[in-house]
Amino acid sequence: MSNGDLSKDTTVTLTGITSPWPISLVAEVMDSSQLNDVVVTLGTAEERIVPGSGTTTAISQWSAASGLSQDSSSAGGTSYVANKFEASSSDPLSAVLIDSQGYRTLRSPQRVATYFIGSGETKQFDLSNLFGPDKMFITGRPGTINNSGALFVMATSRAASGVASVTLNWEEQ
Amino acid sequence: MTSSFADGLSGYYQIPEDASGAEEVLVDADLIDFGTGANLIDPADEENLTGETFESRVLSGGNNITSLVVTNKSPVSINVTNRQQSEVDTSLLGIQRSETALGLLENVNIYGINRKEWGEDAGGRFFYNYFTDPTEWYFRDDYGCFRRHVPAESAIQAYCYPPPVSFSYDTDDNSGRFPGGFANGVMNAFWESKRTFRYQPGRVTGFTFGVRMSTGSNYEGERIRWGCRNDYGDGYFFQPETNSFDYSGGDGYYFQLEKGTDLFIIYRRYNPFTEQVEEFKIAREEWNGDQVSLFNSDTGWVLDLSKVTMFKIEFSWYGAVGAKFLAYVPVDSGEARWVKLHYVIIENKLEFPSLRSAFMRMFIQARNTAGASSPAFINLYGSSVYIDGGDRGTVTLGSAALDVAKNIDTTARTILGLQVKGTINDVENQKAVYPVGLAAFASVPARLDLVLQGNGVRAEESYFYANGTNLVRGASSPITVSGAGGNVLTGSFPDLSAEVSGTTDYLSGRRVRVTGTNIFNTHLVAAASGQIVTDRTIPAGTTSIRLSRFDAYAVASGVIPSGVVSGTVFFNDGGGQWRLGAWTQSSGQSYSSAEDVVWFASKFTGLNYDKNGNEIGEQRIPYEPYRLVNFAIDFPSGTSNTVINFTT
């Protein structure tokens, strides 16, 4: 079916070349135009969820640019890091992938709950009033685009800069 | 049916299915001697003497219940609330037990559609030979394809009414739609619960629906479904034929209404031997319960799907158990009860499981083809899913922690994320995950937010879209021109002679666009000193244009290092036109337009029209704001070549 979304497969043969690397991404942009949020993941989707395999890298800075401006403020500044979801090596039957690499702002997230903690405090929060088999839960849809997304913990200091750490416990069935 | 005698008797009685309500009946009663109370005996044969008399019977039943008889001539009414026994309430596959039904989903749609609960078919809603036509054409008059909330009815609706022919295009605008005028359109719309409701061992799962739908079209291409299905093709549903444009999900049980007249019960299951989904389509006259039809109704009630009607589907699994389809049927006394319409009886008869996966989603679906004379729609009102009891035996626990504390400041950033796998050991993952606890430490006063974000790409991908770096370009300077009203403009132009060839999807060559007021999808075809030639007429009166060129670039060096043969590039459209490519063997080189770049993604334009065929602007193509391109690098044996494949 020819269709309006014009999905295209592109195959190119590089004659006489056995080592095409390194391969750089190049963007060319016309008047009054914008290209956002380029991220490169290396390895197949299956490979990338294996701990220690593959990479997920946001292009937070384009090294050479002409006629274009770069802006990463919406991601939280140039120090942002792409999210990378990995499986747990200790539980291969788990349904869950965890991202502990990501460090960035999100695009229009749905807030579920907000908690506050004081300086130097350690606190535990019961989430069973929010999530459960008869409440919200996170589930997937294999092979399609309608998966229900991911849950993130986002942290903000209320005054000066500092550090934070979290542990998330879940049940799965 | 359950009737309570708790005031006078301990516990509860299960009234058998053959019970009848209060009535006066003519009986043969033994005659007795009022003086002694002894039976009167016929001296001829020594048998009891009998005589006919009327008795008022409150209840009568089978062997397991006492019939209560009173001599009062006035019938004593009983409150019959539900004649159909619900296994969810009282039994484990017929064995009585005491367990409280656990509600998993209770949904009404008064204020709108709860997007956390309901998902719709994403993309691919309507097809002719291509994906889309001008909006004004698709959605004129009553035509269109909608997944919408109907506030006046507190309903969510799936609605399909395709125009008889697709839009006709005079010119090929490179959008893949030319020449149009096709009559093979199919529209498909559905709502489906985002959550999957899993069978739990030993329990029965019930799905209930209050639905109303279009009826009586007598049009072959119309089909409406409601029920439950999984992502493999299994399903139990009330439904109409399989079509490549159908999203039928997987296994399931559902109702199916065809042509607005013919109602079927559908049982779908995956056959692991043939690796195909089998569909058992049970016509109404083959139902083993009440057909609730004009000429065949045990209850005397006739189903009218144009009226809001409650349906229920109950199923268990064990790999060997079927499903019951029920409707809520009014009775003469002003009450209503669940009545069995059909029981898919497959218990212990199968060579493979009754469903490949017992994770089911609730759904409603409407489908219609071009040529229909009326819309096909289904409205869902209230709905619920429940399981008797609840299974904790298969729950497993998990925990994730940051190894190293992360810096935080006044900008909210992700520090930990949780997503579900696409597969577990190559089996598609449909588990439900529910966080139960969060422990946190912060060195400064801090705020923690739990947030959900949809992916929009694929379940199995490990990257999750978020804000990143934007590459931005402003407008170029305007150029004063003359010659408008034709295709040849004169003015002061830069050297554009190398920018007049290539495709207008920008995946090859380097074409220049001409932009300005009411100038749509126009590119240069020739350029000379002080003169340019365009592929479309420049509107008369135009005195100023801009040249939109691929003469601004950005390079991310070395992002695909040596030895990497596969991966994915994700990106997000910010507006306008751009292209993204791979530049091989780029180490140490300075980028110029002469470099050999393989362009694998672009944003370009087609023309947009109103319903009367008048050009009203441009349409940006492809339509998706978020996209990904997979790449694979191969080295064919016996050659010294490299083959790079980019797949969108």
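All of these numbers come straight from a predicted model, not from anything done at the bench. So that the names make sense, note that chain A is the first sequence line, chain B the second, and so on, each numbered from 1.
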When [options] are compared by non-hydrogen pairs under 4.5 Å with chain B, the top option:
| options | result |
| --- | --- |
| A:Thr11, A:Ile59, A:Leu14 | A:Leu14 |
| A:Ser72, A:Ser63, A:Gly67, A:Ser128 | A:Ser63 |
| A:Ser66, A:Pro109, A:Ala65 | A:Ser66 |
| A:Ser73, A:Gly16, A:Ala58, A:Ser79 | A:Gly16 |
| A:Ile117, A:Thr55, A:Asn129 | A:Ile117 |
| A:Val38, A:Leu68, A:Thr18 | A:Leu68 |

Give a yes or no on whether the backbone of [Y] and the side-chain of [X] come within a donor-acceptor separation of less than 3.5 Å.
| X | Y | result |
| --- | --- | --- |
| B:Lys421 | A:Ser94 | yes |
| B:Thr642 | A:Ile17 | yes |
| B:Arg473 | A:Gln34 | no |
| B:Lys406 | A:Gly102 | yes |
| B:Ser443 | A:Val163 | yes |

Report the distance from atom [atom1] of [X] to atom [atom2] of [Y], rounding to the nearest 0.5 Å.
| X | Y | atom1 | atom2 | answer |
| --- | --- | --- | --- | --- |
| A:Glu171 | B:Leu397 | CD | CG | 5.5 Å |
| B:Phe441 | A:Lys123 | CZ | NZ | 13.5 Å |
| A:Arg107 | B:Asn467 | CZ | CG | 4.5 Å |

Atom of [X], atom of [Y] and distance for their closest heavy-atom approach:
| X | Y | answer |
| --- | --- | --- |
| A:Ser60 | B:Thr469 | O-OG1, 2.7 Å |
| B:Gln453 | A:Leu106 | OE1-CD2, 3.4 Å |
| B:Phe635 | A:Pro20 | CE2-CD, 3.9 Å |
| B:Ala412 | A:Thr105 | O-CG2, 3.3 Å |
| A:Met30 | B:Ser548 | CB-OG, 3.1 Å |
| A:Thr41 | B:Phe631 | O-CE2, 4.4 Å |

Among the options [options], pick out the one with the most heavy-atom pairs lying under 4.5 Å from chain A.
| options | result |
| --- | --- |
| B:Asn645, B:Val559, B:Ile644 | B:Ile644 |
| B:Val597, B:Thr411, B:Thr515, B:Asn407 | B:Asn407 |
| B:Ile415, B:Leu471, B:Ile424 | B:Leu471 |
| B:Ser593, B:Ala601, B:Gly574, B:Pro636 | B:Gly574 |
| B:Gly567, B:Pro445, B:Gly474 | B:Pro445 |
| B:Ala440, B:Ala405, B:Gly576, B:Ala401 | B:Ala440 |

Measure the shortest side-chain to side-chain distance between [X] and [Y] over non-hydrogen atoms and say whether it is less than 4.5 angstrom.
| X | Y | value |
| --- | --- | --- |
| B:Trp599 | A:Val26 | yes |
| A:Pro22 | B:Ser587 | yes |
| B:Tyr591 | A:Glu28 | yes |
| B:Asp449 | A:Val153 | no |
| A:Leu151 | B:Val451 | no |
| B:Ser399 | A:Thr167 | yes |
| B:Leu580 | A:Leu35 | yes |
| A:Thr114 | B:Arg447 | yes |

[X] portion near chain A, given a 4.5 angstrom heavy-atom threshold:
| X | value |
| --- | --- |
| B:Leu438 | both |
| B:Arg549 | backbone |
| B:Val569 | both |
| B:Asn425 | side chain |
| B:Phe550 | both |
| B:Ile633 | side chain |

**Prompt:** Does a sphere of radius 6.0 Å around CD in A:Gln124 hold more than 12 heavy atoms from other residues, nucleotides or ligands, not counting ones at 6.0 Å or beyond?
**Reply:**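 No, CD of A:Gln124 has 12 or fewer neighbouring heavy atoms, counting only those of other groups under 6.0 Å.
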Measuring heavy-atom distances to chain B, does [X] have an atom under 4.5 Å in its side chain, in its backbone, in both, or in neither?
| X | answer |
| --- | --- |
| A:Glu47 | side chain |
| A:Thr57 | neither |
| A:Tyr80 | side chain |
| A:Ala159 | backbone |
| A:Gln70 | both |

**Request:** Decide yes or no on side-chain contact (heavy atoms from CB on, under 4.5 Å) for B:Arg413 and A:Arg104, but give the supporting numbers first.
**Result:** CA-CA 5 Å; B:Arg413 296 184 179 89; A:Arg104 65 196 313 181; 5.8 Å; no
**Request:** Assess whether side-chain contact (heavy atoms from CB on, under 4.5 Å) is satisfied between B:Leu418 and A:Trp170, documenting all intermediate values.
**Result:** CA-CA 10 Å; B:Leu418 181 154; A:Trp170 67 87; 3.8 Å; yes
**Asked** Are side-chain N/O atoms of B:Ser476 and A:Asp31 paired as donor and acceptor at under 3.5 Å?
**Response**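 Yes, A:Asp31 and B:Ser476 have a side-chain donor paired with an acceptor closer than 3.5 Å.
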**Prompt:** Are A:Ser157 and B:Asp409 linked by a side-chain donor-acceptor pair shorter than 3.5 Å?
**Reply:**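 Result is no, nothing qualifies.
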**Request:** Kindly indicate, with the supporting measurements, whether the criterion side-chain contact (heavy atoms from CB on, under 4.5 Å) is fulfilled by B:Ile560 and A:Trp21.
**Result:** CA-CA 7 Å; B:Ile560 303 176; A:Trp21 307 285; 4.1 Å; yes
**Message:** Using the rule side chain to side chain contact (heavy atoms under 4.5 Å, CB included), only one of A:Ser33, A:Ser32, A:Ser69 pairs with B:Val472; which is it?
**Reply:**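 Among A:Ser33, A:Ser32, A:Ser69, the one that satisfies the side chain to side chain contact (heavy atoms under 4.5 Å, CB included) with B:Val472 is A:Ser69.
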**Prompt:** side-chain contact (heavy atoms from CB on, under 4.5 Å) between A:Tyr115 and B:Leu450: does it pass, once the steps are laid out?
**Reply:** CA-CA 9 Å; A:Tyr115 303 100; B:Leu450 285 176; 4.1 Å; yes
